[in-house]
Student: 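What follows is a structure written as structure tokens; I'll ask about it next.
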Amino acid sequence: MSKAEDLQSLVHNPLHRRDFAKKMATGALAIAGVAALPGSVELLAQSITDVDILNFALNLEYLEGEFYSVATTGQRLADAGVGITGKGRAGATTG
């Protein structure tokens with residue numbers, strides 16, 4: 001099956017969207033459960049720096065760009081020739 005057929009299958013099949021929503025809800029509940037543990041919020045708040053927050057925002061922008069690029073053209077950002085290098089930890093887009 002080609003990438004275009006895979007994409008069409010995801011768009012037109014509500015079961016895939018429903019499974020995705022269930023997995024996201026399960027993940028959110030798991031994160032909420034861990035956050036509810038005593039002291040976990042204070043420990044997390046002490047370890048996050050401004051650089052971490054900015055890198056998180058930059059990674060979200062890359063993720064959004066990758067999503068829209070694949071959705072509209074079927075190409076990843078690197079395949080389309082868009083430079084995504086910068087200062088920070090490099091990594092592949094996975095999902």
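Numbers for residues simply follow the sequence, beginning at 1.
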Student: How would you list, by chain and number, every residue that makes a side-chain contact (heavy atoms from CB on, under 4.5 Å) with Thr49, sequence neighbours excluded?
Tutor: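 side-chain contact (heavy atoms from CB on, under 4.5 Å) check on Thr49 returns Val51, Asp52.
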
Student: Out of curiosity, Leu54 CG to Leu58 CG, how far, rounded to the nearest 0.5 Å?
Tutor: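 With rounding to 0.5 Å, CG (Leu54) is 9.0 Å from CG (Leu58).
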
Student: Side-chain contact, heavy-atom cut-off 4.5 Å: Gln75 with Val70?
Tutor: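 No, too far: nothing below the 4.5 Å cut-off.
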
Student: Does Thr72 have any side-chain contact (heavy atoms from CB on, under 4.5 Å) partners at least two apart in sequence or in another chain, and if so, which?
Tutor: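 side-chain contact (heavy atoms from CB on, under 4.5 Å) list for Thr72, sorted by chain: empty.
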
Student: Who clusters with Phe67? Use side-chain heavy atoms, under 4.5 angstrom, across I, L, V, M, F, W and Y, and order the result by chain and number.
Tutor: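 Cluster partners of Phe67: Tyr68.
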
Student: Using every non-hydrogen atom in the two residues, find where Ser69 and Leu77 come nearest and quote the distance to one decimal.
Tutor: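 Closest heavy-atom pair between Ser69 and Leu77: CB-CD2, 3.9 Å.
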
